[in-house]
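Notes follow the structure.
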Amino acid sequence: MLYMIGIGLGDEKDMTVNAIEAIKSCNFVYLENYTSMIGFNIKALEEFLQKEVKLASRDLVENKDEIIENALNSNVALLIKGDVFSATTHSDIYLRCIKRNIKVEILHNASIITSVSDCGLSLYKFGKTASIPFENKNVEYPYDLIKENKDAHTLLLLDLKPENNIYMTIKEAIEYLLNVENKRKEKIISEDRFVVGIAAIGSKNRIIKYGRIADIIDYNFNSYPQCLIVPGKLHFIEEEMLNLFLISNYQA
């Protein structure tokens, strides 16, 4: 059996009781380390679980059969930062297990998709989500999506390479959007447009700031990973909540 387990956005103690009970029954425990920043000490996780934990690269999860072969005859846990299917990459190993008649149990947890509501924006009012890749010179989809979402809020996930400790910053994401605007000139993005910058959501190092692009771009978001929200039309309650995080306010 394969347990696909979301471990949340904070530290090793964010796992549910059901997840911990499942892991206790496993002979092999893998921690996927390529779709997000781990953000805690692996040794602390091993001590907490009383299990050896093997880091799983993209190649191991997506291209190798090690996890699946082990799951044929043993209980195996694949630990995933955030929630199990927040990153579509995990659908592949799920499908491969089903084709091999391996039972899979999904144990969910908090994800970036839901936790961004900390800023006060209603999840019901978000449109489609996009990612901004590092190699974005010829990529304009995130800009197009903001345009397409119109009055809906747009969540932009920023690229990362955790294995190399490289994370796209909010500043880089904004510069990308301004570059596309300068090219397209469709008045979708400007220095006066209000955005929400979020760093390390779900952890003790969480930072949320709301303000004009001209102000947000120079703010020092010194926690990772980071994401950017371009709000659409605001309900007065959303506006009141966002004002708690105005960049001119002290509150983080």
Side-chain angles (χ1 to χ4, degrees), residues 6-14 31-42 44 80-83 86-87 109-123 125-126 129-134 136 142-143 145-146 153-179 189 191 193-232 234 238-239 241-252:
I7 63 173
L9 299 171
D11 60 23
E12 71 279 2
K13 296 179 181 178
D14 277 2
L31 173 60
E32 179 264 274
N33 73 328
Y34 59 91
T35 59
S36 187
M37 179 179 179
I38 299 302
F40 55 81
N41 187 281
I42 307 302
I80 298 163
K81 190 72 185 290
D83 195 32
S86 290
N109 209 311
S111 78
I112 183 66
I113 304 298
T114 55
S115 296
V116 291
S117 59
D118 279 8
C119 71
L121 293 175
S122 170
L123 292 176
K125 294 178 63 181
F126 275 80
T129 297
S131 297
I132 300 178
F134 283 119
N136 56 44
Y143 180 93
L145 195 62
I146 296 169
H153 312 315
T154 303
L155 170 61
L156 298 173
L157 303 176
L158 310 188
D159 205 356
L160 70 172
K161 297 178 180 178
E163 66 277 14
N164 297 320
N165 200 31
I166 299 173
Y167 302 90
M168 181 179 288
T169 65
I170 289 165
K171 179 181 177 69
E172 290 172 324
I174 290 174
E175 288 173 342
Y176 156 78
L177 291 174
L178 290 174
N179 285 337
I189 296 294
E191 290 192 347
R193 181 149 190 179
F194 278 72
V195 295
V196 185
I198 298 179
I201 195 73
S203 77
K204 296 177 182 178
N205 299 318
R206 184 198 79 170
I207 300 172
I208 300 176
K209 286 296 177 182
Y210 172 62
R212 295 166 57 249
I213 278 179
D215 298 320
I216 291 287
I217 196 171
D218 291 322
Y219 186 82
N220 182 24
F221 291 90
N222 56 4
S223 298
Y224 301 91
Q226 300 181 4
C227 65
L228 183 69
I229 300 174
V230 182
L234 297 176
E238 291 179 304
E239 191 166 6
M241 287 286 288
L242 282 174
N243 283 336
L244 296 175
F245 304 103
L246 265 175
I247 200 161
S248 59
N249 289 350
Y250 176 77
Q251 183 174 345

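Heavy-atom basis, side chains included; hydrogens, waters and symmetry copies ignored. Note that the structure is a prediction, hence the values are computed from the model and not measured.
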- [ ] Give me the one residue out of Leu157, Ile207, Leu158, Ile198 that meets side-chain contact (heavy atoms from CB on, under 4.5 Å) with Gln226.
- [x] Leu158

Open item on the list: Any non-hydrogen side-chain atom of Thr169 less than 4.5 Å from a side-chain atom of Phe221?
Closed with: no

- [ ] Heavy atoms only: give me the nearest Lys81-Ile38 pair and the separation to one decimal.
- [x] NZ-O, 3.0 Å

Open item on the list: Asn179: which residues meet the side chain to side chain contact (heavy atoms under 4.5 Å, CB included) condition with it, sequence neighbours left out?
Closed with: none

- [ ] Identify the heavy atoms of Leu155 and Cys227 that sit nearest to each other, and give their distance.
- [x] CD1-SG, 4.0 Å

Open item on the list: I need the minimum non-hydrogen distance between Tyr34 and Pro162, along with the two atoms involved.
Closed with: O-CD, 3.6 Å

Table please: side-chain donor-acceptor pairs of residues 109-117 below 3.5 Å, with sequence neighbours left out.
from: Asn109; atom 1: ND2; to: Gly6; atom 2: O; distance (Å): 3.2
from: Asn109; atom 1: ND2; to: Asp14; atom 2: O; distance (Å): 3.0
from: Ser111; atom 1: OG; to: Ser86; atom 2: OG; distance (Å): 3.4
from: Ser111; atom 1: OG; to: Ile113; atom 2: N; distance (Å): 3.2
from: Thr114; atom 1: OG1; to: Ser111; atom 2: O; distance (Å): 3.2
from: Ser115; atom 1: OG; to: Ser111; atom 2: O; distance (Å): 2.9
from: Ser117; atom 1: OG; to: Thr114; atom 2: O; distance (Å): 2.7

Task: side chain to side chain donor-acceptor pair (under 3.5 Å) partners of residues 153-168, not counting sequence neighbours, each pair once - done: Asn149-Thr154, His153-Glu238

Task: Nearest atoms (heavy-atom pairs only) where Ile201 meets Ile208 - done: CD1-CD1, 4.3 Å

Open item on the list: Which heavy atom of Leu242 sits nearest to which heavy atom of Cys119, and what is that distance?
Closed with: CD2-O, 3.6 Å

Open item on the list: Looking at every heavy atom in both Met37 and Leu160, which two are closest together, and how far apart are they?
Closed with: N-CD1, 3.8 Å

Task: Close side-chain approach of Leu156 to Ile146, heavy-atom, < 4.5 Å - done: yes

Task: Note, Phe245 side chain near Lys209 side chain (heavy atom, < 4.5 Å) - done: no

